A.B. asks: 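What follows is a single structure, and I will ask about it in a moment.
Throughout, a chain's letter reflects where its sequence line sits, starting with A, and its residues are numbered from 1. In this text the structure is predicted, and so the values were computed from the model without any measurement.
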Number of protein chains: 2
Amino acid sequence: MDEVAGAIADPVRRRILLMLRDGDLAAGDIAGRFEISRPAVSRHLRVLREAGLVSDQVIGRQRVYRLVPAPLTELARWLTGFERAAGVNLAALDTEVRRARRDRLARREEDTG
Amino acid sequence: MDEVAGAIADPVRRRILLMLRDGDLAAGDIAGRFEISRPAVSRHLRVLREAGLVSDQVIGRQRVYRLVPAPLTELARWLTGFERAAGVNLAALDTEVRRARRDRLARREEDTG
DNA sequence: CCAACGCGTAACACATCAGTTACGCTTCTG
DNA sequence: CAGAAGCGTAACTGATGTGTTACGCGTTGG
């Protein structure tokens, strides 16, 4: 998961994933859609490969890349795990803040009382 | 989204998010659970704040952090968008590979034919 | 066959990031 | 009140990441 999360941190790589979501592409086709150099794109593609987010297949001189969505799905599942915890959190904070204030007021009354 | 994706790229920050999923924590409590220095953790907390993934509330000397899950949910939704495209992709690659092979064979037959 | 094409990688340079110690401000406590 | 506690930030350092040009290997096409 660390590599996947790291891979999608970069906007270029996210764009590549979006392109591949719409269909497989050769490396050159991908690189042609960016203004950065082809080796730079190649380097990003390598990160995606090593993170398991894309697979590549050599067809002649071309290297065709395809999306491998499973790790993204897994990350999404991990992320949705935070959604369920939201209500618990809000309630806990309100309770904590109120308790802290009550304690402080009580202490002040003891001091001045 | 760029900031959110960037924020979860770091394992320390992911751990912080997991801690906060289970309940609000003061900065000191969070820092105490790591072996790195407190300023290092503070820096990570700042990244999370600025990405909108946590909110903080000063209670006396303490700064209590709480999870803000909405941006994570949004990122999860974006990621699940890739799942739906998977079937299309596999079919397209098979088709493309078969077509390329057919074309190559056809060309070879023309040459030798 | 040979030149062009496609593309990955190495080497380099610069930017960014994440660790550290030092510092200082605010709040709390004895 | 004075010292301690809590915590953010600055400055520094070293590691990492991302851009570039140069290079070379394999495939293709004339």
A.B. asks: Among all residues two or more places apart in sequence or in another chain, which pass the side chain to side chain contact (heavy atoms under 4.5 Å, CB included) test with B:Leu18?
C.D. replies: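 B:Leu18: side chain to side chain contact (heavy atoms under 4.5 Å, CB included) contacts with A:Trp78, A:Phe82, B:Arg21.
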A.B. asks: Please determine if a side-chain N or O atom of A:Ser37 lies less than 4.0 Å away from the OP1 or OP2 oxygen of D:dT20.
C.D. replies: yes
A.B. asks: Pairs of donor and acceptor atoms involving the side chains of residues 33-48 of chain B, under 3.5 Å and at least two apart or interchain, shall be tabulated with distances.
C.D. replies:
unit_1, atom_1, unit_2, atom_2, d
B:Ser37, OG, B:Ala40, N, 3.3
B:His44, ND1, B:Arg13, NH1, 3.0
B:Arg46, NE, B:Glu50, OE2, 3.0

A.B. asks: With the side chain counted from C-beta on, respond yes when B:Arg14 and A:Asp2 share a heavy-atom pair under 4.5 Å apart, and no when they do not.
C.D. replies: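 Yes. Closest side-chain heavy atoms under 4.5 Å.
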A.B. asks: Distance check needed: D:dG8 P versus B:Gln62 CD, whole Å only.
C.D. replies: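 In whole Å, D:dG8 P lies 11 Å from B:Gln62 CD.
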A.B. asks: Which residues satisfy the side chain to side chain contact (heavy atoms under 4.5 Å, CB included) test with A:Ala51, sequence neighbours excluded?
C.D. replies: A:Glu3, A:Ala7, A:Leu53
A.B. asks: Considering only side-chain heavy atoms of A:Ala27, which listed nucleotide, D:dC7, C:dC7, C:dA18, is closest?
C.D. replies: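 Output: C:dC7.
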A.B. asks: Measure the distance from CD1 on A:Ile30 to C1' on C:dG8 and round it to the nearest whole Å.
C.D. replies: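 Rounded to whole Å, this separation is 14 Å.
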A.B. asks: Starting from P on D:dC7, measure out to CD1 on B:Ile59 and report it in whole angstrom.
C.D. replies: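 Checked: the CD1 to P distance equals 11 Å.
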A.B. asks: Quickly work out the A:Ile36 CD1 to D:dT21 P distance and round it to whole Å.
C.D. replies: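 Computing the A:Ile36:CD1 to D:dT21:P distance gives 12 Å.
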A.B. asks: Starting at CZ of B:Arg63 and ending at P of C:dC25, how long is that distance when rounded to a whole Å?
C.D. replies: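 For the pair B:Arg63 CZ and C:dC25 P, the rounded distance is 16 Å.
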A.B. asks: Hey, does B:Tyr65 reach any base, or is it just sugar-phosphate, or nothing, if we go heavy atoms under 4.0 Å?
C.D. replies: sugar-phosphate
A.B. asks: Would you call A:Leu75 and A:Met1 a side-chain contact if the rule is heavy atoms closer than 4.5 Å?
C.D. replies: yes
A.B. asks: Can you tell which of C:dT27, D:dT28, C:dG8 lies closest to the side chain of B:Arg61?
C.D. replies: C:dT27
A.B. asks: Considering every strand and a 4.0 Å limit on heavy-atom distances, what is the contact class for B:Ala31: base, sugar-phosphate, or nothing?
C.D. replies: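 Answer is nothing: B:Ala31 stays at 4.0 Å or more from every strand.
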A.B. asks: Excluding sequence neighbours, so at least two apart, what forms side chain to side chain donor-acceptor pair (under 3.5 Å) with A:Arg49?
C.D. replies: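 Testing A:Arg49 for side chain to side chain donor-acceptor pair (under 3.5 Å), a comparison that skips the adjacent residues, returns A:Tyr65.
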A.B. asks: Which parts of residues 38-53 of chain B get close to DNA chain D, meaning a heavy atom less than 4.0 angstrom away?
C.D. replies: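 Contacting residues: B:Arg38, B:Pro39, B:Ser42, B:Arg43, B:Arg46, B:Arg49.
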A.B. asks: Listed by chain and number, what are the side chain to side chain donor-acceptor pair (under 3.5 Å) partners of A:Asp29, not counting sequence neighbours?
C.D. replies: none
A.B. asks: If you assign A:Val58 and A:Glu35 each to the DNA chain D nucleotide with the nearest heavy atom, which residue ends up on the more 5' nucleotide?
C.D. replies: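 Nearer the 5' end of the strand: A:Glu35.
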A.B. asks: A:Phe34 has an atom CZ; how far is it from atom P of D:dT20, in whole Å?
C.D. replies: 12 Å
A.B. asks: Rounded off to whole Å, could you give me the CD-to-C1' distance for the B:Gln57 and D:dG6 pair?
C.D. replies: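 The distance from CD of B:Gln57 to C1' of D:dG6 comes to 16 Å, rounded to the nearest Å.
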A.B. asks: Let me know the distance between CD1 of A:Ile16 and P of C:dC7, rounded to the nearest Å.
C.D. replies: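 That distance rounds to 13 Å.
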